[in-house]
Amino acid sequence: MRQDHLQFDVVVVGTGASGMSAAITAAAQGLKVLVVEKEPRFGGTTARSGGWLWIPGTRLATEQGIREPDGAARTYLQHEATTHFDAQRVDAFLANGPKAIDFFTEKTCVQFDMPPVFPDYHAEAPGGQQGGRSMVTRPFDGRELGERIRDLAPPLAELTVFGMMLGSGKEIWHFMRAFRSLESFLFVMRRLSRHFLDVMRHGRGMTLTNGNALAGRLARAAMDLGIPVWLSSPVRELVREDERVVGVIVERAGERLRVDASRGVVLACGGFPHDVERRKALFPHAPTGREHYTPSPEANTGDGLKLAEAVGGWVDPTIPNAAAWVPTSVTVRKDGGAGVMPHFIDRAKPGVIAVTRRGVRFTNEANSYHDFVQDLVGACRGEPEVSAWLLCDHRTLRTYGLGCVASFPMPIRRHLRTGYLKRGATLRDLATEIAVDANTLRATVEAFNRGARSGEDPEFGRGSKAYNRYQGDALNTPNPCVAPLERGPFYAIRLVVGEIGTFAGLATDRHTRVLDRAGNPVPGLYAVGNDAASIMGGNYPGAGITLGPALTFGYVAGMYLARSSSRETGETGETGETGETGETGETGETGEAAADSLERAA
């Protein structure tokens with residue numbers, strides 16, 4: 001290991017939204033910041049995500065004319081988190097979330113759009129809202145990154161069309177209606193033409209949307225501040241002196257370097273979705289840790305949690321749900337590899353139902369993905385595996401698509417050939433294909449169809465909730481989520497359990513300081529994003545409840561570090577309201593010159 005120490009105020013481990021938020025905020029306050037990433041590309045889970053953030057009370061909401069009652073958001077989170085409601089951290093989130101949005105939208109290129117209506121997932125619960133809390137990252141021109149665009153992690157392949165990630169909302173709506181509306185057809189043709197032209201010129205699409213746009217915008221903001229970002233540079237251990245974390249050991253270009261962090265180290269490594277042993281301990285559906293199928297980046301193996309535990313940090317194992325569950329299907333990619341498809345919205349479309357391996361429905365399929373999986377796990381209790389089948393008829397498949405199978409006119413043969421998509425001319429034939437009792441399956445579909453013909457679902461109330469209706473098809477009346485399965489052939493896709501991020505994480509306080517088992521801060525160590533325990537108490541209240549707190553607590557960490565003594569311990573360096581941004585000052589040696597000299601030194 002090299003003996004000379006590289007000196008920084010802050011070292012951030014990870015390049016997702018939380019880590020980049022912390023780095024940008026700290027650098028904007030004049031601190032010298034280094035970001036290290038173990039993967040050869042930056043963006044982490046954020047680059048694969050939908051790019052939505054859930055933050056109540058922002059200026060973006062008031063500009064839409066949305067003003068929610070005082071205390072409503074806190075009431076809602078208390079209802080959602082139940083036994084794991086952390087009042088201090090929730091209050092810090094609610095106080096600082098709007099400030100974080102103001103800081104990024106006013107001081108950087110990070111921008112968001114808020115639809116007037118995107119309901120909370122449990123909008124009917126106390127404090128729930130019909131809109132004004134979920135915002136999406138504004139599309140971004142990848143050319144703004146210059147040569148660094150090649151270092152941006154790509155979106156999840158299963159969520160793209162010809163390698164193009166569709167923007168949430170309007171774009172998806174137009175693509176689904178491309179052959180039913182001239183306006184949508186022209187929109188799709190323009191979007192595809194622009195994408196293919198970019199691919200020919202640049203090797204990839206340049207219109208970044210959703211999480212890729214958020215990762216790209218944060219990277220551009222970091223570039224503007226001259227923050228060095230080391231790729232392919234995993235942290236192997238934390239350095240401690242006198243019980244305080246004072247730096248990291250980074251493996252870079254085949255050698256180990258010590259990097260000092262006089263004010264602190266921020267862990268933002270993306271949680272533990274690919275840590276088999278921790279999954280075994282915390283995921284009830286995965287008794288060996290391997291009965292789980294995650295679309296999260298393979299590099300998210302719990303590094304941040306392990307690093308912190310080695311110096312006294314504590315992971316709370318009691319959270320009711322250790323991850324943000326999502327039903328997934330496992331497909332075969334064109335190169336022969338396996339792909340994991342998260343099922344976010346297809347379950348809510350009219351003409352789609354889900355059944356267990358016994359051939360019976362078990363839930364309102366249009367509920368949130370997190371709720372759907374909890375009901376699936378309950379329905380499969382005592383079964384040899386936790387799985388289900390998502391069913392539809394031919395008209396529904398070609399109108400909306402299902403999983404990785406796109407709507408008309410995209411072909412379906414490859415998915416039939418690989419076995420990802422099962423087909424039967426009749427329900428009895430389909431039952432044979434998926435090894436479900438034919439009589440039970442037919443009875444289930446017939447019972448559903450009796451109510452569906454009049455737009456009703458007496459058994460589970462599908463379409464009765466605001467979120468159900470939002471994800472359905474407004475043109476399908478009288479119920480946007482309900483239509484019968486009547487005309488064969490019939491289709492099915494197997495669903496298994498996955499997640500879009502882990503909830504169980506390091507115990508932290510309202511300043512993002514990592515806590516030990518006794519609740520005392522580990523001096524010099526901070527955790528944000530999925531490395532920190534979720535403030536949602538194991539529940540999933542709305543679109544963006546991982547990225548919203550990620551950006552917010554990254555901001556909180558950056559502001560706290562900027563106001564803390566370089567040798568703060570315990571409560572030294574208290575800042576009161578951690579969300580005051582002050583003025584963005586000179587960045588001193590965090591500029592390009594410092595980055596260049598750093599690269600030469602390394």
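- Ion pairing of E385 with R494 is present here, as a side-chain N (NZ or NE/NH1/NH2) and a carboxylate O approach within less than 4.0 Å.
- No more than 12 heavy atoms of other residues, nucleotides or ligands shown are found within 6.0 angstrom of CZ on R487.
- Taking the six-membered ring where tryptophan is involved, the planes of Y121 and Y540 are essentially parallel, since the angle between them stays under 30° and well short of 60°.
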Q: Might you work through the salt bridge (Lys or Arg N to Asp or Glu O under 4.0 Å) test for R462 and E456, ending with a clear yes or no?
A: CA-CA 7 Å; R462 183 171 167 146; E456 298 176 350; over 6 Å; no
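- Taking the six-membered ring for Trp and the full ring otherwise, the centers of F372 and W325 sit at least 6.0 Å from each other.
- The existence of a salt bridge linking K465 and E124 is excluded, since no basic side-chain nitrogen approaches an acidic carboxylate oxygen closer than 4.0 Å.
- A side chain to side chain contact (heavy atoms under 4.5 Å, CB included) with V340 holds for exactly one of P295, S329, S296; it is P295.
- K38 and D303 are joined by a salt bridge, as a carboxylate oxygen and a charged side-chain nitrogen come within less than 4.0 angstrom of each other.
- Ring-centre distance between H370 and F503: below the 6.0 Å cut-off.
- Using a 4.5 Å heavy-atom threshold, the side chains of M536 and P549 count as touching.
- Counting non-hydrogen atoms of other residues, nucleotides and ligands closer than 6.0 Å to NZ of K306 gives a total above 12.
- Of the candidates L402, V330, L397, T331, L402 is the only one forming a side chain to side chain contact (heavy atoms under 4.5 Å, CB included) with I493.
- Ionic pairing of E298 and R48 is present here: one or more N-O contacts between side-chain nitrogen and carboxylate oxygen are shorter than 4.0 angstrom.
- In this structure, R361 fails the cation-pi test against F448, since its NZ or CZ atom is not both closer than 6.0 Å to the six-membered ring centre and inside 45 degrees of the ring normal.
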